[in-house]
Amino acid sequence: MLTKVHTGLDPVPGVWWRPAHKTEKIWVAIAFAWCMVLFAMMPLWHWKGGQNPSGIRTRVDPQAFYARTVAFAAQHQVGMDRGIPIVAPPPGSDIYLTALSFMWYPILQLEKDKEYTLHLSALDVNHGFSLYPLNVNFQVVPGYDYGLRVTPTAGGDFRIICNEFCGIGHHTMVGRMIVVDANGATVADNATATLQQEGRP
Amino acid sequence: MTAPAIGADGFRTCQSTGRQIHAAAEPLIKANAVVSIVTLLIGATAALLLVLTRWQAVHLLPAEWYYRLLGVHGMNMLIFFIIYFEMAVLWFASTVLLNARPAAPRFGWFNFGLMMLGTLMVQWTQWTGRADVLFTSYPPLKAHPVFYLGIILFAVGALGVTGQFFATITLAKREKRYEGSMPLVVYGAMTAAIIAVITLLHGALIYIPTFLWSLGLIETIDPQVYRMIWWGLGHSSQQINMAAMVAIWYMLGALTVGAVVLNEKVSRSAFVLYVLFISMASAHHLLVDPGFGPAWKITNTSYFMYMAVLASMIHGFTVPAGMELGQRLRGYTNGMFDWLIRAPWGDPGFSSLVLSVVVFGFVGGITGVTIGTEQINIIVHNTLRVPGHFHATVVSGTALAFMGATYYLIPLIFQRKVAFWGFAKLQPYLFSLGVLLLSMGMTFAGSFGVPRRHWDNSFQDAMFDVEMSPAVDLVLAIMGIGGVLAVIAAFGFIAIAVKSVFFGEPIGTITRGTPMVGVPHGLTHPPTHAADADARNEELHAPARGWMGPTPGTVILVAIFFVAFMTYYFTNWKLLAFLWRVG
């Protein structure tokens, strides 16, 4: 039984809790099923997929985290670029990256296809970790240690762009990350890494 | 023709719609609408300068002013323009649509005064460089205390008006100003009001301690907790918009093509789903944050198993289907799309409605659900893809719907003709085309890793060089051109609104059936239904018409939408799979 023809501007007299037409029912059912697919994809990707933002998450004192980063950099330093140490930690280890206005400290040199636990945190304000040109993005929050298990599957000379507003020098905040093969040779340069980006929509 | 007489009870009768409009309600609607347009002007001016800066080939502003105006743009567009307009919508829906008087109009002016005071305080701190913390004002970045206090006063005033909305609809019911259940459009506005309460409480919860922190009375604000609660304001305020926008969709459909409500149960249930689940979307901003685990992220980002997406997909069907059925009942029965082809495309109320639905759904909705997926957010967070998404929802969705509503408010409430009528007919097309280009330019640039809220894409002063693909220059130019078009259309809209309201020609007598310059088609040719509409409706619903039912055209349209949705969604999973392993 249909309600009397009326628009959304008219008050509705009487009982309007009436069964919907079959067409509407079908659409609601399809939409509901699709919502379940959308929902299921996320746990499914945790189980089968290779890219998840889970990580090991702890609170940390920003000063203590920075001190740990500096000690870590001193321990594994292999070079220097623009006053920032290049650090080559052993595969499988915990590695540290501190964001501070307006730089990323230190420069990490990782081996391709090896897993590391990358600890991200900030010394002062919020920053944004954006690995360019791969486009991998994480929020870096002072007081929180985000320990992400990363395995670089492509080599190259990467940039870390800050993509969270952190003050007037925000746009100058660019860091560097290098991925080499097991012999220490750079497996690809930045230009090749840029090429991988080309096919994206 | 003199203005219609106001009776002893304070009501006048609208000549176009026959509604009872109260003399104390009208100035409140007008004041909120006018201030809304003024803040839109400020926001649009900032928008022009910003887009001409991000368009790297132009790169207009110095860094300091880029970040400053980015904050100004955010506050004026996402808070002031839109919430003042929503206050006008709440007053309009609770009084005009219910033929009712406003509850405590003088308290309404008090609340309006509070909101104005808050607005001025925020503008002062932002323009004088005392609040260079952008719209989100994440601590430990700190602004002048007056900035936070201004937002608090604004929120308190808005909360007061929301309370008055509930009082007014209660009064209307008690005084029997309407029979039966309130109209669907008012129900939608009420949904917006409930979400507004949730939102503004989050605002108070986070801005009061932040204000005390800025005064030095509290030592620290946890940056992660701030981000969580602040987005309960920042994202949820956009959900007030969305509920208000959907209500306006139903309203414009009714006014322009006589759109009917297919099934009250379905549409109202969808609004209830918004109330229950939409506020969980604060999690969309925290998907790659260190403070929350996967279970929390998945539950919240999906609005508890995508129940709010279900609601939007329901409205995405019932709004066009209501228009189709309304048109079919009025005799446009040929084929699949005769009802759509022969719709009043020259009525800016109608074109705004259609373009708002299409761009909100196809661009804003699909991208929003996709980038709000926990893992996909890794390739999206804080890139230009994010503003690419929300300009399609908030600008070409909400703002355009509000513009469409304004083309009807001018004759109905301000009782003026719409000025620059020839341009007004084109304005929605120009605006949505501009926003569409802007949005797509931003989305593509973001896929290349171009960050949002960033002054210099050439990275000239950066410690290390960043080599951008040449394609980025192209998509940023598309963004720039789209942004300029959108701003021209927005300025045009403001000129129309200001000229009509302050210097406009009085509406005079509307002769039905004769097109009039400055009067929308829906008022000169009211889309009424014939006396035998109920019988025709029964016929269209006959089981013999098969599963496509009374609205086969809409079935085709939503099928196209659904295919686009699935394609975009799974393409993004595929792109994600190419990345490094991370977890």
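Quantities reported herein were computed from a predicted structural model and do not represent experimental measurements. Below, chains carry the letters A, B, ... as their sequence lines are ordered, and counting in each starts from 1.
Neither the backbone nor the side chain of B:Tyr226 comes within less than 4.5 Å of any heavy atom in chain A. Only the side chain of B:Met307 comes within contact range of chain A, with heavy atoms under 4.5 Å apart. Heavy-atom distances place no part of B:Thr370 under 4.5 Å from chain A, backbone and side chain included. Contact annotation for B:Tyr303: neither backbone nor side-chain heavy atoms come within less than 4.5 Å of a heavy atom of chain A. For B:His529, the part lying near chain A is the side chain, with the backbone staying farther off; criterion is any non-hydrogen pair under 4.5 Å. The contact between B:Ala259 and chain A is made entirely by backbone atoms, counting heavy-atom distances below 4.5 Å. For B:Pro139, the part lying near chain A is the backbone, with the side chain staying farther off; criterion is any non-hydrogen pair under 4.5 Å. In this structure, the portion of B:Arg268 lying under 4.5 Å from any heavy atom of chain A is its side chain and not its backbone. Within the 4.5 angstrom heavy-atom criterion, only side-chain atoms of B:Arg19, from C-beta onward, approach chain A. With a 4.5 Å cut-off on non-hydrogen atoms, A:Asp113 does not touch chain B at all. Within the 4.5 angstrom heavy-atom criterion, no atom of A:Ile160 approaches chain B. At a 4.5 Å heavy-atom cutoff, A:Ile56 makes no contact with chain B through either its backbone or its side chain. B:Val450 does not touch chain A: none of its heavy atoms, backbone or side chain, sits under 4.5 Å away. With a 4.5 Å cut-off on non-hydrogen atoms, B:Val558 touches chain A through its backbone and its side chain both. Using a 4.5 Å cut-off between heavy atoms, B:Leu329 touches chain A through its side chain atoms alone. Heavy atoms closer than 4.5 Å to chain A are found nowhere in B:Thr17, neither backbone nor side chain. Using a 4.5 Å cut-off between heavy atoms, B:Met463 touches chain A through backbone and side chain atoms alike.
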Please list every donor-acceptor pair under 3.5 Å in which a side-chain atom of residues 26-43 of chain A meets a protein atom from a residue at least two apart or in another chain.
from	atom 1	to	atom 2	distance (Å)
A:Trp27	NE1	B:Met313	O	2.8

Enumerate, atom names and distances included, each donor-acceptor pair closer than 3.5 Å involving a side-chain atom of residues 177-186 of chain B, sequence neighbours excluded.
from	atom 1	to	atom 2	distance (Å)
B:Arg177	NE	B:Asn99	O	2.5
B:Arg177	NH2	B:Asn99	O	2.9
B:Ser181	OG	A:Trp16	NE1	2.7

Taking it one step at a time, do B:Asn382 and A:Asn137 satisfy side-chain contact (heavy atoms from CB on, under 4.5 Å)?
-> CA-CA 8 Å; B:Asn382 275 356; A:Asn137 306 281; 5.9 Å; no
Apply the test side-chain contact (heavy atoms from CB on, under 4.5 Å) to residues A:Leu9 and B:Met251: give CA-CA distance (whole Å), side-chain angles for both, the deciding distance (0.1 Å), then the verdict.
-> CA-CA 6 Å; A:Leu9 296 173; B:Met251 180 181 87; 3.6 Å; yes
Run the numbers on A:Arg159 and B:Glu467 for side-chain contact (heavy atoms from CB on, under 4.5 Å), then give the verdict.
-> CA-CA 9 Å; A:Arg159 296 291 176 266; B:Glu467 223 180 293; over 6 Å; no
side-chain contact (heavy atoms from CB on, under 4.5 Å) assessment of B:Trp580 paired with A:Val136 | CA-CA 9 Å; B:Trp580 291 6; A:Val136 179; 5.5 Å; no
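Heavy-atom pairs under 4.5 Å with chain A peak, among B:Asn537, B:Asp461, B:Ile298, B:Asp456, at B:Ile298. Most heavy-atom pairs under 4.5 Å with chain B, from the set A:Asp81, A:Asp145, A:Leu120: that is A:Asp81. Here A:His6 is the residue among A:His6, A:Lys4, A:Met173, A:Glu115 with the most heavy-atom pairs under 4.5 Å with chain B. Between chain B and the options A:Leu131, A:Thr117, A:Val140, heavy-atom pairs under 4.5 Å are most frequent for A:Leu131. Of all the listed residues (B:Met548, B:Arg227, B:His285, B:Arg453), the one sharing the greatest number of non-hydrogen pairs under 4.5 Å with chain A is B:Arg227. When each of B:Ala321, B:Ala577, B:Ala63 is checked for heavy-atom pairs under 4.5 Å with chain A, B:Ala577 comes out on top. In terms of non-hydrogen atom pairs under 4.5 Å with chain B, the most contact-rich of A:Leu118, A:Val12, A:Thr58, A:Ile84 is A:Val12. Ranked by heavy-atom pairs under 4.5 Å with chain A, the list B:Thr373, B:Val309, B:Thr301, B:Leu262 is led by B:Leu262. Put simply, of B:Arg536, B:Met566, B:His381, the one with the most heavy-atom pairs under 4.5 Å next to chain A is B:His381. With chain A as the partner, the residue from B:Asp222, B:Val555, B:Thr299, B:Leu325 showing the most heavy-atom pairs under 4.5 Å is B:Asp222. Between chain B and the options A:Glu164, A:Arg176, A:Lys25, the largest number of non-hydrogen pairs under 4.5 Å is found for A:Glu164. The choice from A:Gln139, A:Met103, A:His21 that makes the most heavy-atom pairs within less than 4.5 Å of chain B is A:Gln139.
To the nearest 0.5 Å, atoms NE2 (B:His541) and CG (A:Leu2) are separated by 5.0 Å. The CZ atom of A:Phe165 lies 13.0 Å from the CH2 atom of B:Trp455; values are rounded to the nearest 0.5 Å. Atom CD in A:Gln51 sits 10.5 Å away from atom CZ in B:Phe578 (nearest 0.5 Å).
The aromatic rings of A:Trp45 and B:Trp573 sit tilted relative to each other, their planes meeting at an angle between 30° and 60°.
Counting heavy atoms from C-beta on, the side chains of B:Val288 and A:Phe129 never come closer than 4.5 Å.
Taking the centre of each ring, A:His171 and B:Tyr67 come in below the 6.0 Å mark. Separation of the A:Trp104 and B:Phe464 ring centroids does not fall under the 6.0 Å cut-off.
Across B:Ser469 and A:Tyr132, no two heavy atoms sit closer than the pair N-OH, 3.8 Å. Heavy-atom minimum distance, B:Leu579 versus A:Asn135: CD1-O, 4.4 Å. Between A:Pro142 and B:Pro140, the shortest heavy-atom distance links the atoms CG-CD, 4.2 Å. Closest approach of B:Lys265 to A:Ala20, counting heavy atoms only: NZ-N, 4.3 Å. Taking each heavy atom of B:Val466 and A:Ile161 in turn, the nearest pair found is CG1-CD1, 4.1 Å. Heavy-atom minimum distance, A:Thr7 versus B:Val261: C-CG2, 3.7 Å.
Around atom CD of B:Gln460, no more than 12 heavy atoms belonging to other residues, nucleotides or ligands sit under 6.0 Å away. Heavy-atom neighbours of A:Arg57 CZ from other residues, nucleotides or ligands within 6.0 Å: above the threshold of 12. Counted within 6.0 Å of CZ on B:Phe304, heavy atoms from surrounding residues, nucleotides or ligands total 12 or fewer; the atom is thus considered open.
The backbone N or O of B:Arg452 sits nowhere less than 3.5 Å from a side-chain atom of A:Asn163 that would complete a donor-acceptor pair.
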